[in-house]
Amino acid sequence: MDKAYDPKKVEERLYAEWLDKGYYRASTQSDKVPFTIVIPPPNVTGSLHIGHALDYTIQDILIRYKRMKGFDALWVPGMDHAGIATQMVVERELEKEGLSRIDIGKEAFLDRVWKWKEDSGGVIVEQLKRLGALPDWDKERFTLDENLSRAVRKVFVYLYDQGLIYKDKKLVNWDPKLRTAISDLEVEQKDVEGSLWHLMYPIKDGDSEFITVATTRPETMLGDTAVAVHPEDERYKRLIGKSVVLPLVGRVIPIIADEYSDPEKGSGAVKITPAHDFNDFEVGKRHNLSMINIFDETARMNEDVPTAYRGMDRFQARKRIVDDMQSLGLLAKVEKTSHTLPYGDRSDVVIEPWLTDQWYVDAKKLAARAISAVEDGDISFVPRYWENTYFEWLRNVEPWCISRQLWWGHQIPAWYGPDGQVFVAKSEEEALETAKDHYGNEVELIRDLDVLDTWFSSALWPFSTLGWPKLTPELKKYYPTSVLVTGFDIIFFWVARMIMQGIKFMGDVPFKDVYIHGLIRDEKGKKMSKTTGNVIDPLSVIEENGADALRFSLCALATQGRDIKLSMSTIQGYRNFINKIWNASRFLVMNLEGYDFSLPFAEEDLSNYDKWIITKLNYTIKEVQDSLDYYQFDKAASAIYQFIWVDYCNWYIEAVKPELYSGDERVKQKTRDVLIKVLTTSLQLLHPIAPFITEELYQRLREFGVTLNSVEGSDSESIVKSSFPEFNRDHIFEHGYREIEFVKGVVVGIRNLRATIRVHPSEQVRVVLLPENDVIREYIESNRELILNLATLSKFDIANSGEKPTRAIAQVNPGVEIFLPIEGLIDIEKESERIRREIGKITKELERAERKLASAGFLSQAPEGVVKKEKGKHEQLSFQKRKMLEVFEKLQELN
RNA sequence: GGGCGGUUAGCUCAGCGGGAGAGCGCUUGCCUUACAAGCAAGAUGUCACAGGUUCAAAUCCUGUACCGCCCACCA
């Protein structure tokens with residue numbers, strides 16, 4: 001074996017093998033209990049970033065874990081067509097050729113998109129493989145697949161028939177760059193510095209009288225149809241009912257009274273532009289105001305504004321209007337102000353409220369059951385506090401605008417007759433059929449040009465990927481899925497909508513748990529972004545350190561309820577851990593030559609440290625299982641890390657080396673067996689997190705005859721299919737465990753003394769141990785060899801009380817005094833300082849124990865076990881303190 | 001304006017009613033035949049602050065401060 005682990009020599013080969021052998025497959029034929037995850041489908045335009053890496057690593061860990069636990073584990077992979085994102089990519093491509101989608105037309109454009117998808121879309125799928133993720137590739141889905149599209153149409157028609165989807169003409173968030181409506185969720189509020197312009201509107205027939213309104217968007221004045229004041233506002237009461245002449249336009253518009261007008265804000269009078277402001281729209285409806293649209297779809301001034309401004313961009317028009325108002329002397333003042341503006345999350349341009357016909361989902365009606373599903377515990381969020389966020393949003397949910405004026409996506413299944421009558425149907429044939437009935441004769445229909453919001457189809461993902469609307473065996477077996485793993489940023493976009501649709505169409509929740517992980521940030525806590533240049537690219541991390549190191553890092557950092565700060569040095573630390581396992585295995589392999597696995601050993605052959613490591617292993621198994629069952633990935637990782645590195649490598653292997661090199665074949669046999677058993681079990685515990693190295697090492701050990709049981713039976717050919725270790729109460733050896741823990745303390749004590757006087761490791765020293773009682777004397781006696789070996793001593797003496805060495809440095813452990821006699825001079829000052837510090841520490845703890853034991857309340861009200869423990873602690877501490885004081889006195893005598 | 005999360009070692013974070021922990025970093029000594037991507041030993045804390053509950057509080061409650069996020073509003 002190489003001296004260091006080289007992931008490059010391993011990962012690609014093993015992944016190909018897993019594919020080849022079909023380990024990823026779930027099967028409806030199997031009678032195992034299903035465990036299902038559907039992947040949050042990445043955009044077809046996407047490439048793997050570190051956030052994906054976290055999301056998929058967690059899912060792969062769960063799937064691999066459950067598969068080993070004997071579940072029929074299904075992980076459905078797939079991609080999202082990502083309407084806007086994909087259309088933008090292809091449009092940019094066209095732009096380079098000097099073309100626009102309008103130039104080539106819809107048909108040709110869609111052909112281009114599909115071609116793009118075939119050629120360069122979906123690279124993320126290949127990258128998933130680099131990560132070691134092993135979903136069921138046979139079940140890969142795409143949101144525009146025929147069956148998924150069928151599901152979309154069926155859902156649309158059904159909801160339409162129930163009145164839960166409807167068409168409405170009102171203000172929407174209009175993205176003038178993408179030229180489409182977007183939903184509330186796709187609007188980002190940003191703080192910006194702007195101006196507040198106070199405009200003077202002349203009162204009609206008023207003697208050069210003006211009313212002043214304030215606005216941050218002066219260009220919208222061209223669409224003003226009223227000025228509103230508060231009915232109780234004394235300043236303006238007398239003007240109510242009068243009119244103003246809208247400057248630049250000349251339109252006469254009324255001054256109306258409406259509670260919406262806030263006397264505290266601006267001038268107290270507010271211009272009303274019903275076609276371009278959500279609040280004004282409401283005011284307009286209340287007062288029957290006309291709605292004058294002044295923008296075209298790109299937010300340029302249209303034909304309904306004075307000639308001077310026609311065709312102007314909105315910001316150009318703004319400047320011009322302000323200038324014109326100023327020259328007319330109608331600009332009262334300009335204030336600097338900071339306010340928030342709506343931006344499109346994709347286009348990053350300012351959104352305009354625009355009056356259009358759009359399709360809406362009545363989300364409020366669907367929300368009720370989605371709320372109760374979580375309230376009733378049919379779905380649990382992990383961590384739980386996300387439920388509040390979920391409730392808050394759903395309880396105040398607004399109609400969901402689902403139509404998009406794009407080309408790439410699911411075209412809305414609605415057709416219009418000659419008179420504008422709408423026919424919603426699953427197919428054109430059906431629509432024609434219905435239309436024929438309606439009109440009494442055959443007519444031509446025109447299909448709605450809009451497509452659906454991408455999230456409309458992803459909301460169906462948990463059941464559409466399993467075959468719905470067909471009642472497939474997959475749908476029956478794997479729905480509802482077990483857990484959804486995702487980030488908090490799409491709780492509204494996706495999670496809530498899946499729950500609404502799942503309950504509506506399947507009559508059951510789409511998943512039982514929702515594990516919400518944090519966002520990955522850079523080491524300083526900043527969001528990673530390409531423009532800041534602080535991104536960690538998972539693929540180059542894999543290239544440098546291997547997929548296992550990346551996966552283990554992400555797992556170890558995946559604590560609940562916190563964002564993750566990731567740095568390269570952290571990853572390197574875990575890379576070292578992966579390498580450590582490699583070397584421990586290498587050590588074993590070096591000692592396996594000519595070894596016969598067929599010879600069993602009996603439990604009575606086990607030494608106390610065998611029992612100690614087996615006990616530790618069992619506790620670790622329990623810890624790992626419990627942690628994974630409750631999505632505590634960090635705990636699982638650290639339990640394994642601690643066990644393998646500290647317990648197994650640093651203590652057990654070191655303790656066992658002499659036996660391994662001894663001539664006693666029986667002992668050698670036993671030791672190798674324990675070493676191998678513990679290592680392979682550790683590899684299994686680690687496998688869900690670090691699949692490559694564990695498989696590689698298992699394959700190498702198999703060459704020596706090592707085997708693992710598979711979930712189906714004996715001798716698993718791969719660790720992927722091996723059966724996850726189970727906690728075994730019979731393998732908890734309390735006595736041996738405690739004894740070794742004591743011995744470890746003695747060893748550390750001796751090493752500590754050696755380090756204090758800087759004895760060279762190879763230099764042999766004599767040590768005297770003075771046990772407090774016979775039980776401890778026996779412990780020491782029976783572990784003599786172990787102590788000698790681990791503390792690198794040639795011998796030590798066990799003294800009786802009264803036989804303390806006079807010239808020695810000392811250390812007091814619970815139950816035993818440790819002396820290291822010194823030939824030369826002791827640096828009394830330094831040594832005194834060390835002991836003083838020790839005594840100080842002990843004293844502090846002792847005082848606390850004394851205080852507790854002196855409290856009547858504690859003795860009467862604390863549980864018995866706690867009191868007993870406290871007494872034991874007190875006893876130990878007073879022994880340590882007493883003896884340390886003696887040591888200290890002796891030291892002073894030497895002085 | 002409403003809500004959520006955080007504040008523990010130099011850094012990153014566990015712990016969430018009964019002995020303040022880990023990793024990294026730091027100090028010291030070691031190339032000890034698995035590993036220097038390593039081994040051994042060590043130092044480091046008003047657990048943000050103020051009250052309260054309790055025999056017992058980093059942990060539970062109330063309030064404050066600061067940091068971060070989400071939602072809503074802004075003429």
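What you are looking at is a predicted structure, and each value in this text was computed from that prediction instead of being measured. Chain letters run A, B, ... following the sequence lines, proteins first and then strands; every chain starts at 1.
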Enquirer: Choose from B/C69, B/G5, B/C73 the nucleotide whose nearest atom is closest to any side-chain atom of A/N279.
Expert: B/C73
Enquirer: Please round to the nearest 0.5 Å and tell me the distance separating atom CG of A/L877 and atom CG of A/L846.
Expert: 5.5 Å
Enquirer: Students often get this wrong, so: under 4.0 angstrom with heavy atoms, is A/V866 touching a base, only sugar-phosphate, or nothing?
Expert: base
Enquirer: A/I321 and A/P218: which non-hydrogen atoms are nearest, and at how many Å?
Expert: CG2-O, 4.1 Å
Enquirer: Take nucleotides 56-62 of chain B nucleotide by nucleotide from the 5' end and write B, S or -, depending on whether a protein heavy atom sits under 4.0 Å from the base, only from the sugar-phosphate, or from neither.
Expert: -------
Enquirer: Indicate yes or no: does A/E696 engage A/R700 in a salt bridge with an N to O separation below 4.0 Å.
Expert: yes
Enquirer: Looking at every strand, decide which applies to A/E392 at a 4.0 Å heavy-atom threshold: base, sugar-phosphate, or nothing.
Expert: nothing
Enquirer: Take atom P in B/G6 and the same atom in B/U59, then report the distance between them in whole Å.
Expert: 13 Å
Enquirer: Only stems of 3 or more consecutive Watson-Crick or G-U pairs count here, both distances under 3.5 Å; name the ones for RNA chain B, or none.
Expert: B:1-7 with B:65-71, B:10-13 with B:21-24, B:26-30 with B:38-42, B:48-52 with B:60-64
Enquirer: Please give, in whole Å, the distance from B/G1 C1' to A/K265 NZ?
Expert: 11 Å
Enquirer: Do A/K873 and A/E870 meet the salt-bridge criterion of a basic N to acidic O distance under 4.0 Å?
Expert: yes
Enquirer: Between B/C49 and B/G3, how far is it from one C1' atom to the other, in whole Å?
Expert: 23 Å
Enquirer: Looking at B/C31, B/G18, B/A20, which one has an atom nearest to any side-chain atom of A/R848?
Expert: B/A20
Enquirer: When every nucleotide of nucleotides 33-42 of chain B is labelled 5' to 3' by its protein contacts under 4.0 Å (heavy atoms), B for base, S for sugar-phosphate only, - for none, what sequence of letters results?
Expert: -BBSBSSSSS
Enquirer: Roughly how many Å is it from CD in A/Q572 to C1' in B/U12, rounded to a whole number?
Expert: 15 Å
Enquirer: Quick one: pull up OG in A/S195 and CZ in A/R318 and give me the separation to the nearest 0.5 Å.
Expert: 8.5 Å
Enquirer: Does the structure place the NZ or CZ of A/K657 under 6.0 Å from the centre of the six-membered ring of A/Y652, at an angle of no more than 45° from the ring's axis?
Expert: no
Enquirer: If I pick the C1' atom on B/C47 and the same atom on B/A58, what distance separates them, to the nearest angstrom?
Expert: 4 Å
Enquirer: Could you please name the option among B/U12, B/A75, B/G5 that lies closest to any side-chain atom of A/Y385?
Expert: B/G5
Enquirer: Using the P atoms only, state how far B/A22 lies from B/C30, rounded to an integer number of Å.
Expert: 25 Å
Enquirer: How many Å lie between CD on A/E387 and P on B/G5, as a whole number?
Expert: 12 Å
Enquirer: Classify the nucleic acid contact of A/P863 as base, sugar-phosphate or nothing, counting any heavy atom under 4.0 Å across all strands shown.
Expert: base
Enquirer: Looking just at side-chain N and O atoms, do A/E659 and A/T671 make a donor-acceptor pair shorter than 3.5 Å?
Expert: yes
Enquirer: Between B/C11 and B/U46, how far apart are the two P atoms, rounded to whole Å?
Expert: 11 Å
Enquirer: Roughly how far apart, to the nearest Å, are B/C24 and B/A37 at atom P?
Expert: 14 Å
Enquirer: Given B/C69, B/C55, B/C13, which nucleotide is nearest the side-chain atoms of A/R521?
Expert: B/C69
Enquirer: With rounding to whole Å, what would you report as the distance between B/A9 and B/C61 at their P atoms?
Expert: 22 Å
Enquirer: Which value, in whole Å, describes the distance between the P atoms of nucleotides B/U12 and B/G17?
Expert: 26 Å
Enquirer: Using a cut-off of 4.0 Å on non-hydrogen atoms, how would the nucleic acid contact of A/K565 be classed: base, sugar-phosphate, or nothing?
Expert: sugar-phosphate
Enquirer: A/K271 pairs by side chain to side chain donor-acceptor pair (under 3.5 Å) with which of A/D280, A/D277, A/D224, A/T225?
Expert: A/D224
Enquirer: Base, sugar-phosphate, or nothing: which does A/Y574 touch, judged by heavy atoms less than 4.0 Å apart?
Expert: nothing
Enquirer: RNA chain B: A/S261 or A/F488, which has the more 5' nearest nucleotide?
Expert: A/F488
Enquirer: Need one value for A/T215: base, sugar-phosphate or nothing, where a base atom within 4.0 Å counts as base even if backbone is also close, heavy atoms only.
Expert: sugar-phosphate
Enquirer: Quick one: is A/R562 getting a side-chain N or O under 4.0 Å of the B/A14 phosphate, OP1 or OP2?
Expert: yes
Enquirer: Whole angstroms only, please: what is the CG-P distance between A/L557 and B/C24?
Expert: 13 Å
Enquirer: Figure out the CG/C1' separation between A/D634 and B/U12, and round it to whole Å.
Expert: 13 Å
Enquirer: Is there a donor in the side chain of A/E186 and an acceptor in the side chain of A/S183, or the other way round, less than 3.5 Å apart?
Expert: yes
Enquirer: Do the side-chain N or O atoms of A/T559 get closer than 4.0 angstrom to the phosphate oxygens (OP1, OP2) of B/A14?
Expert: yes
Enquirer: Using a strict 4.0 Å threshold on nitrogen-to-oxygen distance, state whether A/E833 and A/K830 make a salt bridge.
Expert: no
Enquirer: Using atom CG of A/D647 as one end and atom C1' of B/A22 as the other, report the distance to the nearest whole Å.
Expert: 13 Å
Enquirer: To the nearest Å, give me how far apart CD (A/Q764) and C1' (B/U32) are.
Expert: 12 Å
Enquirer: Quick check: on RNA chain B, is the nucleotide nearest A/S855 upstream (toward 5') of the one nearest A/Q560, or the reverse? Name the residue that is more 5'.
Expert: A/Q560
Enquirer: Classify the side-chain pair A/E352/A/H276 by whether it contains a donor and acceptor separated by less than 3.5 Å.
Expert: no
Enquirer: What is the separation between atom CG on A/D191 and atom P on B/C70, rounded to the nearest whole Å?
Expert: 12 Å
Enquirer: Just checking, any donor-acceptor pair under 3.5 angstrom between side chains of A/D262 and A/H230?
Expert: no
Enquirer: Out of A/E845, A/K852, A/E850, which one pairs with A/H874 under the side chain to side chain contact (heavy atoms under 4.5 Å, CB included) rule?
Expert: A/E850
Enquirer: Does either side chain, that of A/R834 or that of A/Q811, offer a donor lying less than 3.5 Å from an acceptor on the other one?
Expert: yes
